[in-house]
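Just so it is clear: chains get the letters A, B, ... in the order the sequence lines come, proteins before strands, and each one is counted from 1. No experiment lies behind these values; they were computed from the predicted model shown.
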2 protein chains.
Amino acid sequence: MVRSVFEKSDAIGLVAEVFRELGYEGASMSEITARTKLSKGSLYHFFPGGKEEMAAEIMANIDAWFVTEMFRPLEEDEPRAAIARMWETTDSYFRSGRRICLIGAFALDETRDRFSGTIRGYFHRWIEALAGALIKAGLRGSEAKALAEEAVVGIQGALTLARALGDDTIFGRTLTRLKRGLESALE
Amino acid sequence: MVRSVFEKSDAIGLVAEVFRELGYEGASMSEITARTKLSKGSLYHFFPGGKEEMAAEIMANIDAWFVTEMFRPLEEDEPRAAIARMWETTDSYFRSGRRICLIGAFALDETRDRFSGTIRGYFHRWIEALAGALIKAGLRGSEAKALAEEAVVGIQGALTLARALGDDTIFGRTLTRLKRGLESALE
DNA sequence: GATCTTATAAACCGATCGGTCTATTAAATA
DNA sequence: TATTTAATAGACCGATCGGTTTATAAGATC
């Protein structure tokens, strides 16, 4: 069989999973072909720019997903409902802490230099969108900004510790704590 | 010149910096030799086991440093003073957020599988040591554990966001917030 | 049905990978 | 002073790296 009706969007998802497991440098082309079952021919057909283009498209994909599912709702919808949905979206996207944040992982080593704009933009927009929703819900700007930052910091930290400790419960516990923190500030 | 009076402890520090910048997979032997100015001869003399041994010794070194400077003081010294010192030690070790946590970074990709014991031990002891100090300072066990976990989660998250946003202020701001959280619980 | 495009497979490429080995020399020991 | 050990430099090795190319065949278009 020479043609398996893979679409580029399928490829993005499959390759993303490999980057998530191995990191940018750890994900060699041979590991990517082995784990995705996509040949080099297919991969370079979809991503002529190689690994760098794969990573860039994956990040753009993730970013677009968050914009649609989380940032724009926070910016445009009724703030309390959007915030409530944010916690659910976060828990399900990160599979209760069993899935890491690829954009956060890329930020830690020199991979960051290749994608600094996307990385900065993702976290900046998350914090700004949440802070904006908190302001619409009645908080002062300074308090909203601090709480939004605290939430995103907590999510990232909990993802790191969930992996580091092999603990399936810390992520959910952290989300619950952060959610209560916001709710008590909004009372 | 053929002998430069390098000691193994010097080598550990130099190589650690390369792993911190490039990650485990990104730190190739040629990059390590280029950045440390240590030849392959020297590196394999100090670390016959190659990259894996380098990383293992670096992590053991970091762990030992934290045990001496932070965990044991939390476990043995007067708790409030030890906690106060913990914040200072954390800020100076991570250079106000400009330096990442290598052990946290290793936790995120498959590098974790090589060193899972050390990684888990490091974070577990940090949380346990801090929780123990909080209990000695008068908190209930459950509250102490939750606050200790919150502190270590926040530190890791702030390190990620400091790098991701290129923001030199978020780490200090987070430490201050976490510190106040503990203090108000101890009042 | 002929042609063209899209997708796949895999042989192949030079460069770099992690690691070994030999040579050399400074310091320690006898 | 002779000998051994610790440390360094770098040539060298097979394997793997990211990437290119050629071949082939399944849809799509005409």
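Panel note: side chain Lys40(B), backbone Thr33(B); no donor-acceptor pair is recorded below 3.5 Å. The backbone N or O of Phe106(A) sits nowhere less than 3.5 Å from a side-chain atom of Arg112(A) that would complete a donor-acceptor pair. One N or O on the side chain of Arg20(B) and one on the backbone of Ile100(B) form a donor-acceptor pair closer than 3.5 Å. Side chain of Arg163(B) to main chain of Asp109(A): a donor-acceptor pair is present (N/O by atom type, distance under 3.5 Å, no hydrogens or angles).
In this structure, the separation between CE on Met54(A) and CD on Glu52(A) is 11.5 Å, given to the nearest 0.5 Å.
Under a 4.0 Å N-O distance rule, the pair Arg35(A)/Glu110(B) qualifies as a salt bridge. The pair Asp77(B)-Arg85(B) meets the salt-bridge criterion, since a charged nitrogen lies less than 4.0 angstrom from a carboxylate oxygen.
Of the residues in residues 18-31 of chain A, none lies under 4.0 Å from DNA chain C by heavy-atom distance. Shown for residues 55-62 of chain A: no residue has heavy atoms falling under 4.0 angstrom of DNA chain D. Within residues 33-44 of chain A, the residues having any heavy atom under 4.0 Å from DNA chain D are, by residue number, Lys40(A), Tyr44(A).
The aromatic rings of Phe66(A) and Phe71(A) sit tilted relative to each other, their planes meeting at an angle between 30° and 60°. Under the 30°/60° scheme for interplanar angles, the aromatic rings of Tyr24(A) and Phe19(A) are found to lie parallel.
By the 6.0 Å contact criterion, NZ on Lys145(B) is open, its count of non-hydrogen atoms from other residues, nucleotides or ligands being 12 or less.
For Met54(A) and dC17(D), the CE to P distance is 13 Å, given to the nearest whole Å. Taking atom NZ on Lys51(B) and atom C1' on dT16(D), their separation rounds to 13 Å, with Å as the unit. Remark: P of dT5(C) and NZ of Lys8(A) are 19 Å apart, rounded to the nearest angstrom. Taking atom CG of Asp10(B) as the reference point, atom P of dA6(D) lies 18 Å away to the nearest angstrom.
A side-chain N or O of Arg173(A) and one of Thr169(A) form a donor-acceptor pair less than 3.5 Å apart.
For His45(A) and dA7(C), the shortest distance from a side-chain N or O to OP1 or OP2 is below 4.0 Å.
Heavy-atom nearest nucleotides on DNA chain C were determined for Phe46(A) and for Gly50(B), and the one closer to the 5' end corresponds to Phe46(A).
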